[in-house]
Asker: 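Below you'll find the structure I mean.
Since the structure is predicted, the reported quantities are computational estimates derived from the model, not experimental observations. All ligand and atom numbering here is 1-based and tracks the order in the structure. By convention here, the first residue in the shown sequence is residue 1.
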Amino acid sequence: MIKTDVIIIGGGATGCGIARDLALRGIPHYLVEKGDFAAGATGACHGLLHSGARYAVTDPEAAEECITENMILRKIASKCVEQTGGLFVRLPGDSKRYRDRFLKCCDDVGIPTEVLSPTRALELVENLNPTIEEAIMVPDCSIDPFRLCMLNALSSRHRGGGVLTHHRVTQILKEKGTCVGVRAEDTFTGQKKEIRARLIVNATGAWADRVASMAGSSVPMTLAKGSLIVSNHRLTNMVINRLRPPSDGDIIVPNEAVCLAGTTSINVKDPENISVEHHEVDLITTEIEHMVPKFGSTRMIRAYCGVRPLLKADIGDSRAISRGFRIIDHENGMLSIVGGKLSTYRLMAEKMCDLICDRFGKKATCTTAEVPLDGQDELTGYPLSKRLKKMDEIVCECELVTRQNIENVINRIGPRHLEDIQHRTRLGMGPCQGGYCTYRALGIMQEGGRISSEESIDILKSFLQRRFKGIKPTLWGDQLREEQLIESIYVGILNLGSFRRWRR
Ligand SMILES: Cc1cc2nc3c(=O)[nH]c(=O)nc-3n(C[C@H](O)[C@H](O)[C@H](O)COP(=O)(O)OP(=O)(O)OC[C@H]3O[C@@H](n4cnc5c(N)ncnc54)[C@H](O)[C@@H]3O)c2cc1C
């Protein structure tokens, strides 16, 4: 049995941020995550570090939080953030009155803006629609959510924090009506662990109500699925937004070697069984083409979706629900934290940890806005060419990941899941989506004695299933041709004869 002061359930940005904050304040804690870090909404988002401009008109409080946190994260997480800048483009027919309100609202909450002529905007982004009426520049950035979570968790670990990934909390332990611990199950071996603590933090995003219900409590939420598609290269070096009230397919964000375009907003009941529908891909493509015409003829390599953990509101349109966050005290030894944004995760963690310090009668101020995240020295960031300096045997050509990079992860964390390597190195996250490098990485894992050959086949099968789920909505043109080549490698050369069967 493990004993600690605080158990954090959920290894998304919120949970990892809380772990780091507690560590910096010297409070013992354990984080438990059922997948790898960023397995929920955090890893399924656009990777936009909001300037707040998107919410300036509809949700000024959230907009103000975003601009403040944007400036902080540039400093403390510089290797996770690319300072791309962002444009809000006004197309013919888009409301000029909305544009005036937008500028005023940005000004009201302190978001700097600069109005650009079409010529100037086109100089900055060559693939922009040449018929734009104007563009407004804002300090949007691109952020890597996987690195962000891992470096927050690393900062916690360096100060004695405990972390259990691939462990699902299956039970909240209660004594005399108070939560005293959790039971968690290793999703690989089925082994069970018991952890006891003085306080439990439920940072499980879209799963918050389910987890709260294990303790006999509830978290009223609206779950809004959003889908995104990934282009095979960077069509823009800046974030491009449509200058109109937030709606479908109005944003494209550069992310390392690719671009992420989205999104949709569809209310769902279950955060687990979600998938991208073809009509969503069509909708996003058509809308993004209005801003970046080349998007429609670019190869799309994947689609994915996530669920926004929004506070419940009696509003039909989930886009109108506040992006603010809330801490709920269930008054039984469990605190839940829901809502918010990836961009405001640090602030959310700060407020939660202030409350925890209060509960424990501990005086320790928050320093997460000043202390940089640990572990950033090893990272190169964008452009990829920076990685070429230290190249030896390349395993993933799209993202320039070497054997050495993979061996380092294997030695450090002993992974038994491919995502553990992917999230830490970006292996398989580029244009071939792991088609050519996954079996090589599995070979290295097996060589290192971490998995047996039978396990490696099972891991490969489940990877191919997940990969196909993401690729299926984008199967047309060149992407379909490449997929057929990859299928012939797995079926014809690697003799995975039942490959087709997995594709259901
Ligand atoms: C499509 C989409 C696009 C978005 N784009 C942006 C953006 O560009 N910028 C931005 O700032 N925000 C964006 N957001 C919002 C942002 O992603 C979320 O608000 C934020 O990531 C939520 O983080 P979280 O840690 O609270 O939840 P999550 O990231 O969902 O983390 C919850 C974690 O809890 C784990 N968990 C659940 N149940 C259990 C259990 N029983 N045991 C153990 N672990 C469990 C899950 O596996 C998960 O990893 C977007 C959201 C979506 C859906």
Asker: Out of all atoms in ligand 1, which are within 4.0 Å of some heavy atom of Ser343? Include the element for each.
Answerer: 10 (C), 11 (O)

Asker: Should one rank Ala41, Gly205, Gly306 by closest heavy-atom distance to atom 30 (O) of ligand 1, which comes out on top?
Answerer: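 Comparing heavy atoms across Ala41, Gly205, Gly306, the nearest one to atom 30 (O) of ligand 1 lies in Ala41.
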
Asker: Side chain or backbone of Ile9 under 4.0 Å from ligand 1, or both, or neither, by non-hydrogen atoms?
Answerer: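 The answer is the side chain.
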
Asker: Should Lys34 and Glu272 count as an ion pair when the cut-off is N to O under 4.0 Å?
Answerer: yes

Asker: Return the closest protein heavy atom for atom 43 (C) of ligand 1 as residue, atom name and distance.
Answerer: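 For this ligand atom, the closest protein heavy atom is Lys34 N, 3.3 Å.
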
Asker: Using a heavy-atom cut-off of under 4.0 Å, does the side chain or the backbone of His50 touch ligand 1, or both, or neither?
Answerer: side chain

Asker: Run the numbers for me: atoms of ligand 1, each under 4.0 Å from some heavy atom of Thr204, listed by number.
Answerer: 32 (C), 34 (O), 36 (N), 37 (C), 38 (N), 39 (C), 45 (C)

Asker: Heavy atom under 4.0 Å from ligand 1: found in Ala203's side chain, backbone, both, or neither?
Answerer: backbone

Asker: To check your reading of the model: name the closest protein heavy atom to atom 9 (N) of ligand 1, its residue, and the distance in Å.
Answerer: Leu48 O, 2.8 Å

Asker: His279 side chain to Glu277 main-chain N or O, any donor-acceptor pair under 3.5 Å?
Answerer: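 Not confirmed, His279 side chain does not pair with Glu277 backbone.
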
Asker: Return the closest protein heavy atom for atom 48 (C) of ligand 1 as residue, atom name and distance.
Answerer: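 Protein heavy atom at minimum distance: Glu33 OE1, 3.4 Å.
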
Asker: Where's the contact between Ala44 and ligand 1, heavy-atom distance under 4.0 Å: side chain, backbone, both or neither?
Answerer: backbone

Asker: Tell me whether Asp354 is salt-bridged to Arg359, with the criterion being a basic N under 4.0 Å from an acidic carboxylate O.
Answerer: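 No, Asp354 and Arg359 are not salt-bridged.
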
Asker: Do NZ/NE/NH1/NH2 and the carboxylate oxygens of Arg242 and Glu287 come within less than 4.0 Å?
Answerer: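 Yes.
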
Asker: Tell me which part of Ala13 gets within contact of ligand 1: side chain, backbone, both or neither, using heavy atoms under 4.0 Å.
Answerer: backbone

Asker: Looking only at protein heavy atoms, which one is nearest to atom 31 (O) of ligand 1, and what is the separation?
Answerer: Gly12 CA, 3.6 Å

Asker: Would Asp5 and Arg198 pass as an ion pair if we require N to O under 4.0 Å?
Answerer: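 Judged by the 4.0 Å cut-off on N to carboxylate O distance, Asp5 and Arg198 do form a salt bridge.
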
Asker: Give me the residue, atom name and distance of the protein heavy atom closest to atom 41 (N) of ligand 1.
Answerer: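 In this structure, atom 41 (N) of ligand 1 has Val169 O, 3.2 Å as its nearest protein heavy atom.
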
Asker: What atoms in ligand 1 come closer than 4.0 Å to a heavy atom of Gly10?
Answerer: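 Matching atoms, with element in brackets: 33 (C), 34 (O), 35 (C).
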
Asker: Are any of the side-chain nitrogens in Arg466 or Glu419 under 4.0 Å away from the carboxylate oxygens of its partner?
Answerer: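 Counted as a salt bridge, because a side-chain N and a carboxylate O are separated by less than 4.0 Å.
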
Asker: At a 4.0 Å threshold, what atoms of ligand 1 neighbour a non-hydrogen atom of Arg308?
Answerer: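 Those qualifying, in numeric order: 51 (C), 52 (C), 53 (C).
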
Asker: Could you check whether atom CD of Glu61 has more than 12 heavy atoms from other residues, nucleotides or ligands sitting under 6.0 Å from it?
Answerer: no

Asker: Is Gly47 near ligand 1, meaning one of its heavy atoms is under 4.0 Å from it?
Answerer: yes

Asker: Under 4.0 Å from a heavy atom of His167: which atoms of ligand 1 are those, numbered in the order shown and with their elements?
Answerer: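 Close to His167: 43 (C).
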
Asker: Check Glu175 with Arg196, please: is the shortest side-chain N to carboxylate O separation under 4.0 Å?
Answerer: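 Yes.
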
Asker: Between Arg168 and Asp186, does any side-chain N to carboxylate O distance fall below 4.0 Å?
Answerer: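 Salt bridge between Arg168 and Asp186, a charged N being under 4.0 Å from a carboxylate O: no.
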
Asker: Heavy-atom count check: over 12 atoms from other residues, nucleotides or ligands less than 6.0 Å from Lys294 NZ?
Answerer: no

Asker: For Asp59, is there an ion pair with Arg54 - N to carboxylate O distance below 4.0 angstrom?
Answerer: no

Asker: Return the closest protein heavy atom for atom 23 (O) of ligand 1 as residue, atom name and distance.
Answerer: Thr42 OG1, 3.2 Å

Asker: What I want to find out is whether Asp374 reaches Arg157 closely enough, with some N-O distance under 4.0 Å, to be called a salt bridge.
Answerer: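 No, this pair does not count.
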
Asker: For atom 15 (C) of ligand 1, what's the nearest protein heavy-atom neighbour? Residue, atom name and distance, please.
Answerer: Lys341 NZ, 3.9 Å

Asker: Could you tell me whether Leu228 approaches ligand 1 through its side chain, its backbone, both or neither, with non-hydrogen atoms closer than 4.0 Å?
Answerer: side chain

Asker: Look at Arg147 together with Glu256 and state whether they make a salt bridge at an N to O cut-off of under 4.0 Å.
Answerer: yes

Asker: Before signing off on this row, confirm whether Gly40 and ligand 1 have an N or O atom pair separated by under 3.5 Å.
Answerer: yes

Asker: So if I count the atoms of ligand 1 from 1 in the order they appear, which ones are less than 4.0 Å from some heavy atom of Gly340?
Answerer: 19 (O)

Asker: Give the atom numbers and elements of ligand 1 that come within less than 4.0 Å of a heavy atom of Thr14.
Answerer: 23 (O), 24 (P), 25 (O), 26 (O)

Asker: Closer than 4.0 Å to some heavy atom of Gly226 - which atoms of ligand 1 meet that?
Answerer: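 Within the 4.0 Å cut-off of Gly226, ligand 1 contributes 1 (C).
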
Asker: Rounded at 0.5 Å granularity, tell me how far CD1 in Ile200 sits from SG in Cys179.
Answerer: 5.0 Å

Asker: Which residue supplies the protein heavy atom nearest to atom 4 (C) of ligand 1, what is that atom called, and how far is it?
Answerer: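 The protein heavy atom lying closest is Cys45 CB, 3.2 Å.
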
Asker: Is a salt bridge present between Arg426 and Asp144, judged by a nitrogen-to-oxygen distance below 4.0 Å?
Answerer: yes

